[in-house]
Amino acid sequence: MISEQDARNRILEAVSPRPERSVLLSDALNCFSARDVVAHLPLPVFDNSAMDGYAVVASSCTNGARLRVIGEQPAGIDRQLRISPGEAVRIFTGAPVPAGADAIVMQEDTTRERDHVAVNVDVNPGEFIRRQGCDLAEGQKILPRGERIQPTMIALLASQGFADVIIGGEVHAAIVSTGDEIVMPGKKLHPGEIYDSNSALLQALVYQCYASVRSVEHCADRREPLLTAIRRGSESDILVITGGVSVGEHDLVQATLRSLGARIDVWRVAIKPGKPFLFGQLDGCAVFGLPGNPVSAFVTFLQFVRPAVLKMMGAKDLALLQVPAKLGVDLANDGDRPHYVRGKVADGTFVPIGRQESHALFGLSRSNALLRVSVGESLKAGTIVDVQMCA
Ligand code: AMP
Ligand code: MG
């Protein structure tokens, strides 16, 4: 049995980032940038008006001033207008500020009289002008390599005129569930059988990493079909097998992998739930063997598969989001493995949910966070702990 950290290190050493590619901005959502991206335009791009109103010289604009309107400056064209004290230019939101103007008076604070405008407020220099570069300077880093591209980042890249972006590689996953007792949802359940919930779970978890699922298949606990399923699955970048990785007579995954020439790098990890976890490599495919119990499959996916997938996709941050929370109950771990307690964070307090056993899917489905309790650790209610957000 090896430690979680050793297991994670071995897995992360074994996988490498997939080849990067250029995609249209519209296809980049939730991908990871493969470059440090730098602004090549300031934002705003030029000094412009924040209001519909009048561009003025503030010093000639006390309350009651009457200014001559010398022209109109709409958005979308630069009419290269210039004003002097005592003059104004009719201006619209987003339009370039005329030379000589140092403030905009909003329309609501003026009275228009044919070719003059009366100003009904005091005006200060700089008012309602959006200065070039005040938001973002040219040369400033806007997107670090390895960061996930969110909708607002897509907007920022578009504002720079980028039509495409270079991102990390794609990861295709194959999922194989094993077990003679497992039946696909939608089919009739006979005595002794249970529905396959892990395939659906793992597929969703792969999607949550923004990777794609190439195939999902179920396989009985027999050598031949397992050989075929593993061979087929190993054509993907990663293969996630669930069930059959333990030590019973029907647990054939490890032996089958070895007979195909796989190298097993990790087998049995000190983690609860999830001890019978396996990682190996077969023909360039990263193979993960997850325990069949749904909670164990969930926890081991998040702790071991997810960081590997994210690394392969070019992500920098491989850890789940950690947030501080107040512990709602006393918790202790007197076992011999770190325990990932499933629970819910609400209003800043973490409370365990449901049965803390590896088959207990209902409690897991109501949970949104994991609390790792180390071996021998005893935590009192009210303690501030860091929990991993998992929903
Ligand atoms: P195993 O790891 O194959 O020994 O399975 C451990 C437990 O997980 C058993 O109770 C199995 O019935 C259950 N199990 C295995 N595969 C699945 C699956 N795909 N969906 C739901 N439960 C499963
Ligand atoms: Mg089984």
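Both ligands and their constituent atoms are indexed starting at 1 by order of listing.
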Without swapping roles, check the side chain of D102 against the backbone of A58 for a donor-acceptor pair under 3.5 Å. yes
Within 6.0 Å of CZ in R145, more than 12 heavy atoms from elsewhere: no
With hydrophobic residues grouped by side-chain heavy-atom distances under 4.5 Å, do V171 and L320 end up in a single group? yes
Identity and separation of the nearest protein heavy atom to atom 22 (N) of ligand 1: I194 CD1, 3.5 Å
Between D196 and ligand 1, which residue portion shows a heavy-atom distance shorter than 4.0 Å: side chain, backbone, both, or neither? both
Residues E113, R66: salt bridge by 4.0 Å N-O rule: yes
Of the protein's non-hydrogen atoms, which lies at the shortest distance from atom 4 (O) of ligand 1, and what is that distance? D251 OD1, 3.9 Å
Answer yes if V15 and Y210 sit in the same cluster of Ile, Leu, Val, Met, Phe, Trp and Tyr residues linked by side chain heavy atoms under 4.5 Å apart, and no otherwise. yes
State whether a side-chain donor-acceptor pair under 3.5 Å links S177 with D196. yes
Heavy-atom proximity to atom 23 (C) of ligand 1, best of G292, S358, G243, A297: G292
Atom 16 (N) of ligand 1 [closest protein heavy-atom partner, distance rounded to 0.1 Å]: I182 CD1, 3.5 Å
Inspect the surroundings of CZ in R355 and state if more than 12 heavy atoms from other residues, nucleotides or ligands are less than 6.0 Å away. no
Distance to 0.1 Å, residue and atom name: give those for the protein heavy atom nearest to atom 6 (C) of ligand 1. N293 N, 3.7 Å
Could you tell me whether R372 and E4 make a salt bridge, using a distance below 4.0 angstrom between a side-chain N and a carboxylate O? yes
At the 4.0 Å heavy-atom cut-off, does G244 count as touching ligand 1? yes
Show which atoms of ligand 1 fall inside a sub-4.0 Å distance from at least one heavy-atom site of Y195. 20 (N), 21 (C)
Tell me which protein heavy atom sits closest to atom 21 (C) of ligand 1, plus the residue, atom name and distance to 0.1 Å. S197 OG, 3.3 Å
Determine, considering heavy atoms only, which of E181, H218, H250, E193 sits nearest to atom 9 (C) of ligand 1. E181
Just heavy atoms, cut-off under 4.0 Å: does V245 contact ligand 1 by side chain, backbone, both, or neither? neither
